[in-house]
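One is the number of the first residue; the rest follow in order along the sequence. When a ligand or atom number is given, it counts from 1 through the structure's own listing order.
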Amino acid sequence: MSVTATAISPAVGSFRLSRSPRGIPRFRMAVSSNTVSVAPILTKLHKECATPLPLLRLVADSMAADMRAGLAVDGGSDLKMILSYVDSLPTGNERGLFYALDLGGTNFRVLRVQLGGKEERVEATEFEQVSIPQELMFGTSEELFDFIASGLAKFAQKEGGKFHLPHGRQREIGFTFSFPVKQTSIDSGILIKWTKGFAVSGTAGKDVVACLNEAMERQGLDMQVSALVNDTVGTLAGARYWDDDVMVAVILGTGTNACYVERMDAIPKLQGYKSSSGRTIINTEWGAFSKGLPLTEFDREMDAASINPGEQIFEKTISGMYLGEIVRRVLLKLAEAATLFGNSIPEKLSMPFLLRTPHLCAMQKDNSEDFQAVGSILYEVAGVESNLNARKIVVEVCDTIVKRGGRLAGAGIVGILQKMEDDSKGLIFGKRTVVAMDGGLYENYTQYRKYLQEAVTELLGLEISKNVVIEHTKDGSGIGAALLASANSKYDHNY
Ligand code: BGC
């Protein structure tokens with residue numbers, strides 16, 4: 001198998017630290033003259049972020065109840081429970097050359113894969129990853145899709161070697177588009193709204209495949225989208241290709257979401273639509289979940305200042321885009337009200353999204369006695385000079401926010417499994433069931449992963465949780481989208 005990769009840029013979801021030159025930090029005076037101590041602020045934070053078992057249980061139950069309500073009728077709950085039109089999962093028989101295009105966060109990826117059927121499986125794969133310039137996240141639909149189509153065109157030009165397309169065929173693409181989309185068929189869907197900091201004008205309410213097709217035409221690129229999938233759905237398909245026990249897929253990266261295999265007869269809102277397998281994949285869009293979450297003033301203020309206030313509350317509590325920002329808000333309060341970093345507050349600490357989740361991860365990894373790495377990160381990123389005590393407090397704040405996120409994500413997973421088990425006694429908990437996970441947060445943040453797993457085990461108990469395997473499937477969503485393009489190819493598969 002050959003794999004090539006190109007530039008990854010530091011971004012919201014990536015886990016690379018940018019080293020800024022050691023400039024002299026700018027300070028503004030502390031606003032408060034009668035400061036309080038750090039302790040009461042921390043105690044309140046711990047209390048409000050606590051996720052004891054009964055709270056986790058309530059979250060899991062509410063998740064299951066919201067799933068049912070969303071399946072009963074469109075708009076029935078926070079969870080959109082979107083039909084994916086993916087009715088058959090990869091079997092291993094898929095053959096041929098397929099492309100995948102992945103737009104979902106701060107990077108977009110293009111990939112090609114040569115599938116060789118049951119024996120050869122993935123014969124070759126190549127991908128490229130490009131970061132999306134910040135201005136395109138706030139630009140027009142045309143600008144964004146032109147950028148993507150031009151990246152795809154450049155990548156397609158380099159095809160060669162082990163990749164071969166039978167004569168006379170059009171190249172087919174699995175398009176992973178990781179935002180809430182109301183699918184209208186396997187290869188079309190209307191964007192409901194942008195998430196994860198995107199605010200592109202002119203796309204909401206439009207068919208995103210049509211947007212891509214128009215951009216490809218402008219590039220003179222002759223390719224066809226055969227499947228439009230959410231990244232969770234791509235991940236489920238990619239993981240299922242190797243393992244028949246995969247029933248759920250979860251993304252924990254810049255944003256978050258989950259999908260799962262559902263029985264058609266458990267979807268009352270369907271009316272009329274039939275799937276040959278009797279099952280389909282449902283994209284829950286669980287980022288919009290909001291019931292019973294332990295929220296703080298910092299969450300509320302971050303939400304109010306966001307470009308989508310009142311929306312994606314679960315996502316804002318547990319996903320990579322937001323954990324760093326919540327911590328920054330706590331630290332700013334500790335600096336202003338309790339002089340955590342001395343009498344003056346570095347200006348930079350007031351900058352939204354200055355502190356990123358990868359920084360938290362790096363700080364939590366610091367095992368040194370004097371928290372040397374914590375000190376350097378605080379200085380380099382926020383211009384903060386810190387003593388040992390302040391560094392310890394910073395790590396404690398990171399841990400509080402990350403623990404809450406990981407445990408709530410675990411509760412969400414149990415909610416989904418619980419709903420599936422209730423509908424099909426024994427078929428989930430009575431045998432091995434795999435939850436496929438992907439996303440930079442899950443992949444890189446050991447502590448987060450540990451908290452997630454602990455919550456799942458606490459909720460399910462030791463015995464049942466032995467049957468639930470939470471498995472990281474790296475980059476499964478790209479291959480998964482290509483596999484779904486193959487399953488929905490307009491050509492006869494056997495050549
Ligand atoms: C989007 C989902 C996506 C998730 C993970 C969320 O913001 O709404 O569609 O699956 O991020 O990328």
Identify the closest protein heavy atom to atom 8 (O) of ligand 1: which residue and atom is it, and at what distance?
Glu285 OE1, 2.7 Å
of all protein heavy atoms, closest to atom 11 (O) of ligand 1 is Lys196 NZ, 3.1 Å
What verdict does the side chain to side chain contact (heavy atoms under 4.5 Å, CB included) test give for Ser226 and Lys490, after you've listed the backbone C-alpha separation in whole Å, the side-chain angles of each residue and the deciding distance to 0.1 Å?
CA-CA 8 Å; Ser226 300; Lys490 62 177 174 178; 5.8 Å; no
Which atoms of ligand 1 sit under 4.0 Å from any heavy atom of Pro180?
8 (O), 9 (O)
What protein heavy atom is closest to atom 5 (C) of ligand 1, reported as residue, atom name and distance in Å?
Asp231 OD2, 3.3 Å
Heavy-atom donor-acceptor pair, Thr176 side chain to Asp102 backbone, under 3.5 Å
no
Show, in sequence, the C-alpha distance, side-chain angles and deciding distance for Lys333 and Glu297, and conclude whether the salt bridge (Lys or Arg N to Asp or Glu O under 4.0 Å) test is met.
CA-CA 11 Å; Lys333 164 121 189 204; Glu297 64 188 275; 3.3 Å; yes
Does ligand 1 come near enough to Glu315 that some N or O of the ligand is less than 3.5 Å from an N or O of the residue?
yes
Phe163 ring centre to Arg112 NZ or CZ under 6.0 Å, with the angle to the axis within 45°?
yes
Contacting atoms of ligand 1, where contact means under 4.0 angstrom from a heavy atom of Asn257:
2 (C), 3 (C), 4 (C), 9 (O), 10 (O)
Does Glu421 reach the main-chain N or O of Ile428 with its side chain, forming a donor-acceptor pair under 3.5 Å?
yes
Thr256, portion touching ligand 1 at heavy-atom distance under 4.0 Å:
backbone
Atoms of ligand 1, numbered as shown, that sit under 4.0 Å from any heavy atom of Thr195:
1 (C), 6 (C), 7 (O), 8 (O)
Compute both the distance and the angle, then confirm whether Lys196 meets the cation-pi test with Phe179: under 6.0 Å from the six-membered ring centre, within 45 degrees of the axis.
yes
Does Arg407 make a cation-pi contact with Tyr451 (under 6.0 Å, within 45 degrees of the axis)?
no
Give the atom numbers and elements of ligand 1 that come within less than 4.0 Å of a heavy atom of Asn230.
2 (C), 3 (C), 9 (O), 10 (O)
Is Gly287 close enough to touch ligand 1? Criterion: a residue heavy atom under 4.0 Å from a ligand atom.
no
